[in-house]
Structure formats: C-alpha cells, structure tokens
Amino acid sequence: MTVSKMPDENGYFGEYGGQIVPPDLKVIMDEINVAYEKIRNTDEFLNELHELYSQYVGRPSPLFYAKRLSNKIGGARIYLKREDLNHTGAHKINHCLGEALLAKYMGKTKVLAETGAGQHGVALATACALVGIDCEIHMGEVDIKKEHPNVTKMKILGCKLVPVSRGTKTLKDAVDSAFEEYLKDPQNFLYAIGSVVGPHPFPKMVRDFQSVVGKEAREQFLTQHKQLPDIVTACVGGGSNAIGIFTAFLGDKTVDLIGIEPAGKGLDTPDHAATLTLGSKGSLHGFECYNLQDKQGNPLPVYSIASGLDYPGVGPQHCYLKDIGRVSYDVINDKECLDAFMTLSRVEGIIPALESAHAVAYAMKIAKDMPKDKMILINLSGRGDKDADFVAEVLDL
Ligand SMILES: *Cc1c(COP(=O)(O)O)cnc(C)c1O
C-alpha cells in the first residue's frame with residue numbers, strides 16, 4: 001500500500017494506529033469513519049471548509065523567505081510557512097474547523113475536548129462559535145490557574161469550561177473527565193481530538209484537514225522558485241502540523257523531511273518528550289504508537305519548555321514514516337529553542353511559538369553547513385504571544 005493511501009481500512013499505518021478501544025466505542029468510531037468518508041467527498045462539505053479556510057482563517061498563509069536570518073547564518077536559504085498568521089495564531093484552527101463542520105454535518109449536538117495549555121480549547125471554541133455548535137472543554141484546575149488568557153478567551157467564545165479537580169488536576173485528568181462525559185452520549189456528541197493521535201479515524205481525519213498546509217507550500221515553491229525545497233522541517237508533539245506540511249511532499253524523493261522532537265533538559269534526563277527518538281512500541285489513548293513508557297507499559301511523565309509538545313505518544317503515521325525511513329526525526333533542547341525564539345524575533349520581527357521555535361532552531365543548526373543554493377522550509381506552526389511573558393521571565397529581559 002502506498003503511503004498516500006494509508007491508513008488501511010482498520011486504521012493502520014503499518015503496525016501503528018488502529019482502534020484499541022472497547023467494542024461499543026469501536027462501533028461509534030466506525031460510524032464516524034463512515035460518515036467522514038461520505039462527507040469528505042461531497043462538494044458541499046469541501047466547498048464550505050475551503051471557503052472558511054480562505055475567508056475566515058486567511059489561507060493561503062504566506063511563504064516567507066527569511067533573508068536576514070539566512071544571511072546571518074550564512075548557508076542554506078530558510079523559508080517559513082506562516083501558520084502563525086492564521087486566525088487564532090496557529091495551525092490548530094485548520095483541523096478544529098474540519099472537526100466542528102463534521103459534527104454539524106453528522107447532526108451532533110455537542111463537541112467535547114480536553115485542553116492542557118488551552119491552545120486546543122481556544123481553537124475548538126472558536127470553530128464551534130463559528131459553526132454554531134455547543135462546545136465543552138475540560139481543563140485541570142492547575143492548568144486553569146496557569147493559563148489565564150486562554151481560559152478567558154474560551155469563556156468569551158461561549159464554550160462550557162469544566163474545571164477538573166481530581167488527581168493531578170492537569171491534562172491527564174482532563175482527558176479522563178472529558179472522556180467520561182463523552183461516553184454518556186457518544187451518538188450525539190463528538191470528541192474532537194487535538195492532533196493526529198487517538199483511535200482511527202482521527203489520525204487520518206486530522207491529517208487530511210492539516211494537509212492544506214503542505215499542499216499550499218508545495219505550490220508556492222513551484223510558482224515562486226520553479227523548484228521544490230531540499231528540506232522540510234516541523235516540530236512534533238502529537239504530530240499534526242508536521243504531517244500537515246509533510247503529506248504533500250511524501251512522493252518527492254529529492255525532498256528530505258525532518259520532524260523535530262523536544263529534548264527538553266536533555267535526553268539523558270527524564271525531562272524531555274522525545275517519543276520517536278527514545279520511545280518503544282506500545283498503546284496509548286486508543287491507538288498503537290511509539291511511547292515513552294515504564295517497564296509496565298505506563299506512560300512516563302514528559303516535559304518540554306513548549307507545553308504543546310509534551311505528549312508521551314505520537315501520531316501513528318509518524319511511527320510508520322520513521323520505520324520505513326521516509327521521514328527522519330531529530331531533537332532540539334530548551335536552550336536551543338529559546339535561542340531560536342530570540343533570534344527569529346530580533347532578526348525577522350517574528351515572535352514564534354516555543355513549539356515552532358524547535359523547528360527554527362534545527363534549521364539554524366543545519367543551514368550553516370549547507371551550500372547557499374539549498375532551501376530549507378520550516379512550518380512556523382504558531383505565533384509566540386502566548387509565550388512572551390514566560391520567555392521574558394526565564395531570560396530575565
Ligand atoms: C499544539 C501545537 C503544536 C504541537 O502539536 P502538533 O500536533 O505536533 O502539531 C505545535 N505548534 C503549535 C503552535 C501548537 O499550538
């Protein structure tokens with residue numbers, strides 16, 4: 001099976017993915033898959049989604065030549081796919097709109113999700129406000145205290161915010177809480193997963209919604225430069241922005257694709273989230289993938305300076321692409337990330353999200369040893385307003 005036809009009918013990318021869920025939930029997931037396959041091929045759905053991409057999100061996002069950054073480093077030319085300029089400031093709106101629209105087309109009454117730092121919550125609440133469907137977001141009380149601006153935005157956008165006070169009062173407990181609510185009426189609710197993870201069909205659907213990013217970037221390169229980039233790179237948390245930009249280039253053998261995981265405080269410490277780099281095969285949250293897990297198979301605590309990257313699993317398609325060698329994966333640590341964050345801000349006037357700064361740091365690292373006629377494309381997945389106060393504190397600005 002060619003990569004572009006994946007996953008197979010059971011939701012597998014090679015040995016990864018699938019539906020590791022109880023039988024009654026499998027029935028529901030299969031229904032979502034059938035509905036999605038039917039709807040995705042209708043002009044009505046595609047036209048509505050693409051009109052929202054252009055009129056609401058502001059697509060296509062620009063392809064920007066970071067000339068001053070490239071000159072400063074003195075090697076390959078660096079280009080940015082500006083997902084930070086999307087409405088709500090990141091790539092997440094691309095799949096949240098797809099999920100909210102799917103819920104509407106399926107006649108669901110409520111969209112549910114958990115959120116950690118609040119980025120997925122805000123993007124989903126935005127999409128649901130636009131589409132006109134109820135939205136309920138579960139969030140740990142510890143995170144609610146930490147992420148005040150996002151909490152306020154979700155309230156303004158009209159979603160129901162459910163504080164979670166059990167356990168560690170963070171993301172993990174928010175997942176359990178949101179999932180329990182979902183199971184009360186999965187016929188009428190849609191659980192909107194925030195990345196290319198979870199049981200089939202979510203890794204496929206979220207990839208399809210995000211693949212607009214790479215499709216645009218590839219066309220922009222061909223139109224503006226009459227050639228393709230040599231390297232395409234993106235940060236990997238669950239893997240949605242990376243698969244979004246990689247998909248269009250999978251068949252281009254001359255284009256190297258490189259995903260960047262967070263090395264946090266170092267791969268020799270427990271404080272990282274380098275799932276593909278150091279993980280092993282297991283299952284998590286309803287699907288099979290590389291995992292950072294202990295000997296009993298329980299997920300290990302993970303860490304990154306970028307809260308959007310600290311997930312102990314990773315999308316199944318990335319696992320497959322790593323195994324077949326089509327995509328390679330490397331790491332960037334907190335310090336390199338902060339350095340790239342400041343450099344891009346000061347040399348180009350673009351404040352990147354700390355997540356995206358991992359990909360920027362990697363490009364900076366490899367560009368200097370590459371000839372000047374080579375081109376590196378970075379998916380700049382989001383803007384850094386959310387991280388500005390934190391960075392100023394850490395660097396004592
Ligand atoms: C959430 C987020 C990520 C990580 O998620 P992926 O699914 O790996 O893309 C990366 N960048 C930004 C700006 C985010 O908000």
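For the numbers below, each heavy atom of this structure counts, side chains included, while hydrogens, waters and symmetry mates do not. Just follow the structure's listing: the first ligand is 1, and inside any ligand the first atom is 1.
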(message) Distance check, rounded to the nearest 0.5 Å: Cys128 atom SG versus Lys104 atom NZ?
(response)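 NZ of Lys104 is found 11.5 Å from SG of Cys128.
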(request) Flag this pair as yes if the NZ/CZ of Lys110 is under 6.0 angstrom from the six-membered ring centre of Phe189 and inside a 45 degree cone about the axis; otherwise no. (result)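 Cation-pi check for Lys110 and Phe189: passes.
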Between the protein and ligand 1, which nitrogen or oxygen pairs come in under 3.5 Å, and how far apart is each?
| from | atom 1 | to | atom 2 | distance (Å) |
| --- | --- | --- | --- | --- |
| ligand 1 | 7 (O) | Ser195 | OG | 2.6 |
| ligand 1 | 7 (O) | Gly239 | N | 3.3 |
| ligand 1 | 7 (O) | Ser240 | N | 2.8 |
| ligand 1 | 7 (O) | Ser240 | OG | 2.7 |
| ligand 1 | 8 (O) | Gly237 | N | 2.8 |
| ligand 1 | 8 (O) | Gly238 | N | 3.2 |
| ligand 1 | 8 (O) | Gly239 | N | 2.8 |
| ligand 1 | 9 (O) | His91 | NE2 | 3.1 |
| ligand 1 | 9 (O) | Ser240 | N | 3.4 |
| ligand 1 | 9 (O) | Ser240 | OG | 3.2 |
| ligand 1 | 9 (O) | Asn241 | N | 2.8 |
| ligand 1 | 9 (O) | Asn241 | ND2 | 2.8 |
| ligand 1 | 11 (N) | Ser381 | OG | 2.8 |
| ligand 1 | 15 (O) | Lys92 | NZ | 2.5 |

(message) Once salt bridge (Lys or Arg N to Asp or Glu O under 4.0 Å) is applied, what residue pairs with a partner in residues 63-80 remain, sequence neighbours excluded?
(response)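 Matches after skipping sequence neighbours: none remain.
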(request) Starting from Ile351, walk the hydrophobic network (Ile, Leu, Val, Met, Phe, Trp, Tyr; side-chain heavy atoms closer than 4.5 Å) and list everyone else you reach, by chain and number. (result)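 Direct or chained contacts put Ile351 with Tyr303, Ile305, Leu338, Phe341, Met342, Leu354, Phe390, Val391, Val394, Leu395, Leu397.
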(message) Would you call the rings of Tyr182 and Tyr191 parallel, tilted or perpendicular, taking 30° and 60° as the class edges?
(response)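 Perpendicular.
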(request) Only counting residues at least two apart or in another chain, list the ones meeting side-chain contact (heavy atoms from CB on, under 4.5 Å) with Lys172. (result)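 Here the qualifying residues are Asp176.
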